[in-house]
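Accompanying notes for the structure given below.
A, B, ... follow the sequence lines: proteins, then strands. Residue 1 opens every chain. What's counted below: heavy atoms across the whole structure, side chains too, no hydrogens, waters or symmetry copies.
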Number of protein chains: 2
Amino acid sequence: MKPIRVVQWGFGAMGSGMVKLMLEKEGIEVVGVIEKRPEVVGKDVGEALNLGKKLGIQVYSNPEEILQKDKVDVCLHAIHSFTKHVFDSLKLILERGINVVTIAEEMACPQAQEPELAAKLDEIAKANGVTILGTGVNPGFVLDQLVINLSGACLNVKRIEASRINDLSPFGKTVMETQGVGTTPEQFAAGLKDGSIVGHIGFPESIRMISDAIGLGVDKIEETREPIISNTERETPVVKVKPGMVAGCRHIGIGYANGVEVIKLIHPQQIHPEVENVDTGDYINIEGDPDIHMSIKPEIPGGKGTMAAAVNMIPIVLKAAPGLKRMSDLPIPACLMGKTAYERGF
Amino acid sequence: MKPIRVVQWGFGAMGSGMVKLMLEKEGIEVVGVIEKRPEVVGKDVGEALNLGKKLGIQVYSNPEEILQKDKVDVCLHAIHSFTKHVFDSLKLILERGINVVTIAEEMACPQAQEPELAAKLDEIAKANGVTILGTGVNPGFVLDQLVINLSGACLNVKRIEASRINDLSPFGKTVMETQGVGTTPEQFAAGLKDGSIVGHIGFPESIRMISDAIGLGVDKIEETREPIISNTERETPVVKVKPGMVAGCRHIGIGYANGVEVIKLIHPQQIHPEVENVDTGDYINIEGDPDIHMSIKPEIPGGKGTMAAAVNMIPIVLKAAPGLKRMSDLPIPACLMGKTAYERGF
């Protein structure tokens, strides 16, 4: 049996975590890494990851050096969140006859906000006989794929409400800034206006994926972002929040069908939710016949969940029919243990 | 768009429920029912279901009368639990070039206990260009497909423990007898010995499906069945349990890999668990990185869950590659609302 040959494009926190994960997986062979940062370009991946040994795997700055159809089966892609920013890189990979798994959030369902680019990617993938999938913990798993899967046990579905309540404390400065942590309410309002505070990326994608799969007929999506004002002092290594300041962003996405709310997704992200007795967790409530009330406590961790979802989908994407796919189109992921990387994909 | 033409084989509690469900679904057309019971043979399905109107759909006693490739796309099959008892009927359907969704419990993963029959069904399905799937709420969903799906968010998995705690109170006499409800502990022991008390059907199937999908290497499966002795008086319309008598069967299935327990599935089934403060629910605990602790409260109801899983998989099975499939091999189910029966399946 031949291992699946994977190139990692993007070697930040997610990319390097995925490389480490793949190095442990039987049936997956990392054949190269693509990254622009000069401090790693040209290095051996073992050195770049401080593993204390060379692995014989190089970090390339030029994607075309390593992305060759006869040497690479799948490219794992982790460089940006937005479809329009990653389109050119995805096109390049597909045109070289290589399958793609990307964690760009909007690519979990690019039909939602970039239907033209989605159609182009589908066309390019089919023309080159390869598959492209966007995934990650959210969008891609908790607030969409898992919702859809659970609905499979329902005779009918009227409305869905799901929430993901997590703890931002482990994250770095960029996340704190894009979520508005540590701002005053006035700064938060200004940040929303000028686009520097964005909250979660992925609600239109999750709502569209659910609506398409279950047939809920969503024709309008609205999002609201509110500051989570802290009543207590909260602190992380990168940010300090005093009472009255913003501890995070309560972001809500709502899907309407003919004016009726049919999908509501809630994602309050803050530092140290426990100090105000907020339990973290993933919650899915399906109103239908039967009702289904699911909870995962604590929530599936974002970083690990995203790395796992992406790597675990590799064999499935490799064997899937050509084209642009969503998690709702493909067999369920499974943790790749033992020799399953060779076997899964069907 | 043409609707999917379905024949229902088996018109008991499950079969008639599935027919009623399919009658509500856009994109699915029930074209016939197969059933031996003389009181319904030859009748119109609308009459047989007491709908107060004729539907122009007949109940046939002879399967060959209605199972014709050019008239039927999928046969939904609900007549028995064991692969060896349903093999001939499944073979007949497949050889007529018709896809199958069956709720026979062992067919959720016939590789577990009937590998030769499973291989034959796979061969026959492929030779006739059609697909066959076994599904249901359990096996087929809660204690296997959902476990596998959740593991998709894990970097690695060491051990899985999952339980389904349900209430048997709504069920009829046959279920009470096969679960030993209302027996004395001595009668329960004797019933286990002579095979009249069986507990849950599906543990080897669920364990094998999980192990194969995640690669846990299970090489031995053990099952234990213990009486749930009641401390209180419990009663349903069909059975009465006094303190000291048996209120249900605590059935456990364990999968070992090289002598180590890697999968433990627990299914205590009893009447009125609430009188002794037992909360019903479905619980999945994955020990790995990360750990995942999921609960669904109350549990997904068995009858509705099984009908839903089977009907919701119809379009996916219709479009899947030929052969014998398991839920772990196919795209996730989704509740078929709107026009999705036409669209799903990919």
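- Residues Thr340(B) and Asp212(A) share a closest heavy-atom pair of CG2-O, 3.5 Å.
- Contacts between Ile148(B) and chain A at a heavy-atom distance below 4.5 Å involve backbone atoms as well as side-chain atoms.
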Using side chain to side chain contact (heavy atoms under 4.5 Å, CB included), reason through Asn156(B) and Met337(A) one step at a time and then give a plain yes or no. CA-CA 7 Å; Asn156(B) 61 64; Met337(A) 302 295 290; 3.7 Å; yes
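- Side-chain atoms of Asn312(B) come within 3.5 Å of backbone atoms of Gly152(A) as a donor-acceptor pair (strictly under, hydrogens ignored).
- Looking at Ile210(A), neither its backbone nor its side chain comes within 4.5 Å of chain B, counting heavy atoms on both sides.
- Inspection of non-hydrogen atoms places Phe141(B), Gln145(B), Leu146(B) of residues 139-147 of chain B under 4.5 Å from chain A.
- Ranked by heavy-atom pairs under 4.5 Å with chain A, the first of Gly281(B), Gly338(B), Ala334(B), Gly305(B) is Ala334(B).
- Interface remark: Leu336(B) contributes backbone atoms only to the contact with chain A (heavy atom separation under 4.5 Å).
- When the salt bridge (Lys or Arg N to Asp or Glu O under 4.0 Å) test is applied to Asp282(B), the partners found at least two apart in sequence or on another chain are Arg164(B).
- The main-chain N or O of Cys335(B) is found under 3.5 Å from a side-chain atom of Ser151(A) such that the two form a donor-acceptor pair.
- The CD1 atom of Ile296(A) sits 9.0 Å away from atom CD1 of Ile296(B), with the distance rounded to the nearest 0.5 Å.
- For chain A, the nearby part of Ile300(B) is the side chain; its heavy atoms alone come within less than 4.5 Å.
- Contacts between Val157(A) and chain B at a heavy-atom distance below 4.5 Å involve backbone atoms as well as side-chain atoms.
- When heavy atoms are compared at a cutoff of 4.5 Å, Asp291(A) does not approach chain B at all.
- There is no contact between Lys339(B) and chain A, counting heavy-atom distances below 4.5 Å.
- Summarising the geometry of Leu155(B) relative to Met307(A), their closest heavy-atom pair is CD2-CB, 4.2 Å, with the distance given to 0.1 Å.
- Of all the listed residues (Lys25(A), His293(A), Glu24(A), Lys297(A)), the one sharing the greatest number of non-hydrogen pairs under 4.5 Å with chain B is His293(A).
- Interface residue Leu150(B): backbone and side-chain heavy atoms are both found under 4.5 Å from chain A.
- Looking only at heavy-atom pairs under 4.5 Å with chain A, the residue among Gly217(B), Gly323(B), Ala341(B), Pro290(B) that has the most is Pro290(B).
- Heavy atoms only, all atoms of each residue included: Pro331(A) and Ser328(B) are closest at CB-O, 4.4 Å.
- Heavy-atom pairs under 4.5 Å with chain A peak, among Gly215(B), Gly288(B), Ala310(B), Ser295(B), at Ser295(B).
- Highest contact tally toward chain A, considering only Asp289(B), Val311(B), Ile292(B), is held by Asp289(B) [criterion: heavy-atom pairs under 4.5 Å].
- Your options are Pro298(B), Ala213(B), Ala309(B), Gly17(B), and the one with the most heavy-atom pairs under 4.5 Å with chain A is Ala213(B).
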